[in-house]
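The shown structure was predicted, so the numbers you read here are calculated from the model rather than taken from an experiment.
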Amino acid sequence: MFVRTWETFLILLVIYTAWVSPFEFGFLGVKTGLLSICDNIVNGFFAIDIVLAFFVAYLDKTSYLLIDEPKEIAWRYASSWLALDIISTIPSEATRQLLPTNLQSYGFFNMLRLWRLRRVSSLFARLEKDKNYSYFWVRCAKLMCVTLFAVHCAGCFFYLLASRHPDPLTTWIGASYNDFLEQSLYDRYITSMYWSITTLSTTGYGDLHSQNTGEMIFNILCMLFDLGLTSYLIGNMTNLVVHGTSRTMQFRDTIQAASSFARRNQLPIRLEDQMLAHLCLKFRTDSEGLQQQETLDALPKAIRSSISHYLFYSLIDSVYLFQGVSHDLLFQLVSEMKPEYFPPKEDVILQNEAPTDFYILVTGSVDLIEYTNGTEQVIREARTGDVVGEIGVLCYKPQLFTARTKRLSQLLRLNRTTFLNLIQSNVGDGTVIMNNLLQHLKELKDPVMQGVLAETEKMLARGRMDLPLTLCFAAVRGDNLLLHQLLKRGLDPNETDNSGRTALHKAASKGSLNCVVLLLDYGADPNNRDSEGNTPLWNAILERHEPVIKLLISSGAKISSSDVGQFACTAVEKNNLEMLKDIIRCGGNVTVPKSDGTTALHAAVLAGNAQIVEFLLDQGADVDKPDINGWTARSLVDQQGHEEIKSLFEAKRTQKKSAFLSVSVPSPPAINNYKDDANSLRLSLGNTRMLNDTPRRRRANNFNNSLFGILSAANAGERSPMSSTGHGFTARVTIYPRSGKEAGKLVFLPGSLQELLGIGAMKFGFTPTKVLAKDGAEIDDIELIRDGDHLILVSDDGLTEVSKQEVGH
């Protein structure tokens, strides 16, 4: 700020110097008095500026970097203008002593001070680029200053020739004024300026003209200079005037050409008016500085993107179509959108035209018009933040409506190809956008939109959408047809979203049984964990989807593959005893701690739930097991003061003592295993599945029936794997019809004889009433059947004897 103020002050001193130096050179011989004092004061200020110049940074023209190194600043100044600045600052009284006697009065050193005029040139160059000043008036001021300085210098120099001539009467001014040397300085100066201006304007020499050879030579040189100066002035003024009117002339030519085109092709009046209105709007917006796209196109992409982000990001973020998409996609979309202005009553989109672009309304309003039987009907009005033409672009069908502006409107245009290219690299966001569109169509409650919705969903199911979709999108919608199409395209069944959840997680949570079957058939991992450690099986348990739970277990899903302790604590926090039982049915141990050492028993004690505490104690929960902070369930009871839970602890303690004395351990309540119904569920799914061409999924290898499995189960304290009610696996048996001639069927052993008889009825086409062993013995309890038994199903009207053969593993 100080440097700018100092430079402005020096400019005023330069203007003083530009007037006084030629004046002293032409009209004064020796400076005395006040004028000499003023000159020396001005020289003093410029001497100060010489010192300051060694400390002012400068802009390097090669690297465009600001150089502030003192040594570089000093060297640059010393090797350029230092010498001339010093010479122009030396007082004229001292410089006259260096000149010969006959030249001491000429003041040649005074003219060296005109070197300071370079500062005025730099000032005007800066003002011409300063947006705070009008270029037209700055340019006019510069031309006026150049003209006045040229007139002043020419008059002073021409008077110098007359005043120094040996015969004053034979000079241009002496011919008219014999005693001009006796006249006042003012009269002589005005006369000189009069001659200079008439010479510059080439009006002639009727009264003042050259009288000797020297003056004629000077006039010749002055006229040549004036010729160039006049051309320079006229050219610049013409350029300024033409620049102000050229756009208007171009606009008139464009309007004339458009009108001729409309008349030549006999266009309707409405189309001609729209065409002319758009051209007038473009001219008006250009005149008012609203040509945003032209301005943005002249900038680098990074700056252009930042400006678009500042102007339109908040608007795009509020558009329904982009709710929930990533910040990255929004930024890319804003950078690719083109702002455009439309005058009132102009068609932006035509009904049934190809869907090449869609628009987002920034300002103004747009009517959506439908043509029916030759008549126009306004369907609805779009306002700021609404999208126009998106249905045609996303569903790739002809535009449904004509979009016509009601008043001056600004819209953001996005090309369909550009949009789809961005979505291809953001597949998850494409899913969100399509889901937003479908939800929007549902909320419109319009018959036309409902038809579009139904048609779009059919296209989705057939996989004919250009918009990339994820398996998670189909799973959330429960659309098994779309899911099948996506899987057939080769999509990874284990792909995850931002939270690490797979399509199987979402399908299990929604209870979409057919989607779960499809995903498992294509190799989805039933034990995949999301970012929170949840598995599809746990999601199904949370939502209480029994068929999905059974199917996942039969496909190898294990609750133990994730944090069972966390699941048990969650069930306690939800005060859901049935959920705890589900965890046990799925093979989980509800007594194990989670990562911080807290067990479900700790959570139940803190919640004061005596029923769940009693259940956990029956499952073998340890009341003296500490968490990471050293708290045990017993100490928590003492702190909380739950007398009922404390009584349960004491009762459990007494029960253990009694069991130890009697060497008898009470068994926990039996909980049916989910695998009991796995086979029947699989059979029913085989009859109800809609996709007959889906490839059959191979079951994962199960080694529960092997010797290794039996020993492992025995070491783990489980029941023998030969029992169908154990926790390890479901027993398999072979059933035969009463004749014994048909091939047997290998099935999973259900939980009761009635279910076994039902399976036989479905397999063999008759209604059996009894189950016989292969040796003919009748079986009246499902617990008597072991893994690998061969059974015969008979009705009351006949029995067939067969022999029994055990098949071991």
Side-chain angles (χ1 to χ4, degrees), residues 323-329 426-432 434-435 468-480 482-483 486-487 491-574 576 579-580 582-590 592-596 598 600 603 674 697 700:
Q323 294 294 314
V325 302
S326 65
H327 171 80
D328 293 339
L329 178 64
N426 299 271
V427 180
D429 291 328
T431 296
V432 174
M434 180 53 69
N435 192 55
L469 301 173
T470 63
L471 297 177
C472 292
F473 171 74
V476 169
R477 293 176 51 82
D479 192 340
N480 56 318
L482 174 59
L483 185 66
L486 296 176
L487 287 170
L491 269 67
D492 182 10
N494 292 310
E495 69 177 9
T496 60
D497 60 9
N498 295 332
S499 61
R501 303 184 71 194
T502 65
L504 190 57
H505 281 89
K506 297 179 182 294
S509 181
K510 290 288 185 179
S512 303
L513 191 59
N514 285 325
C515 290
V516 172
V517 172
L518 267 174
L519 290 166
L520 292 173
D521 282 345
Y522 276 88
D525 183 5
N527 292 308
N528 209 327
R529 302 174 63 179
D530 62 15
S531 58
E532 297 179 357
N534 298 329
T535 61
L537 179 57
W538 174 243
N539 288 340
I541 292 174
L542 279 176
E543 302 298 333
R544 310 292 299 159
H545 298 308
E546 299 286 340
V548 175
I549 296 172
K550 296 175 182 177
L551 178 60
L552 287 172
I553 293 176
S554 69
S555 301
K558 297 178 181 179
I559 195 71
S560 59
S561 64
S562 50
D563 192 352
V564 180
Q566 177 65 44
F567 297 162
C569 290
T570 301
V572 173
E573 291 170 1
K574 292 179 174 291
N576 195 329
M579 192 177 294
L580 283 174
D582 288 343
I583 294 175
I584 296 174
R585 291 189 186 100
C586 296
N589 185 358
V590 295
V592 298
K594 58 180 183 179
S595 57
D596 62 356
T598 304
Y674 270 126
R697 173 175 45 85

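N494 places a side-chain N or O within donor-acceptor distance of the main-chain N or O of D525, the cut-off being under 3.5 Å. Side chain of T570 to main chain of Q566: a donor-acceptor pair is present (N/O by atom type, distance under 3.5 Å, no hydrogens or angles). Between the side chain of N539 and the backbone N or O of A508 there is no donor-acceptor pair closer than 3.5 Å.
Summarising the geometry of G523 relative to P493, their closest heavy-atom pair is C-CG, 4.1 Å, with the distance given to 0.1 Å. Of all the heavy atoms in H505 and P536, the pair that sits closest is NE2-CD, 3.5 Å. What you find for C586 and I541 is that their closest heavy atoms are SG-CD1, 3.8 Å. The heavy-atom pair separating S326 from D429 by the smallest distance is OG-OD2, 2.6 Å. Nearest heavy-atom pair, A540 versus V548, reported as atom, atom and distance to 0.1 Å: CB-CG1, 3.9 Å. Minimum heavy-atom separation, A475 to K506: CB-CB, 4.2 Å.
In this structure, CG in L537 is found 6.5 Å from CD1 in I549, a value given to the nearest 0.5 Å. Atoms OG and CG, from S554 and L520 in turn, are 8.0 Å apart once rounded to the nearest 0.5 Å. Between the OG1 atom in T502 and the CG atom in N528 there is a gap of 5.0 Å [rounded to 0.5 Å]. Between atom CG of residue L504 and atom CG of residue L552 there is a gap of 6.0 Å, rounded to the nearest 0.5 Å. Atom SG of C569 is separated from atom CG of L580 by 9.5 Å, given to the nearest 0.5 angstrom. For the atom pair N534 CG and F567 CZ, the distance stands at 5.0 Å (nearest 0.5 Å).
Here D530 pairs with nothing under the side chain to side chain donor-acceptor pair (under 3.5 Å) rule; sequence neighbours left out. A search for side chain to side chain donor-acceptor pair (under 3.5 Å) contacts involving S531 returns nothing, not counting sequence neighbours. Residues that satisfy the side chain to side chain donor-acceptor pair (under 3.5 Å) test with T496, not counting sequence neighbours, are absent from this structure.
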Under the side chain to side chain contact (heavy atoms under 4.5 Å, CB included) rule, what do M579 and W538 come out as? Steps first, then yes or no, please. CA-CA 10 Å; M579 192 177 294; W538 174 243; 3.7 Å; yes
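V516 places none of its side-chain heavy atoms less than 4.5 Å from the side chain of H545. S509 places a side-chain heavy atom less than 4.5 Å from the side chain of R501.
The number of heavy-atom neighbours closer than 6.0 Å to NZ of K510, taken from other residues, nucleotides and ligands shown, is 12 or below.
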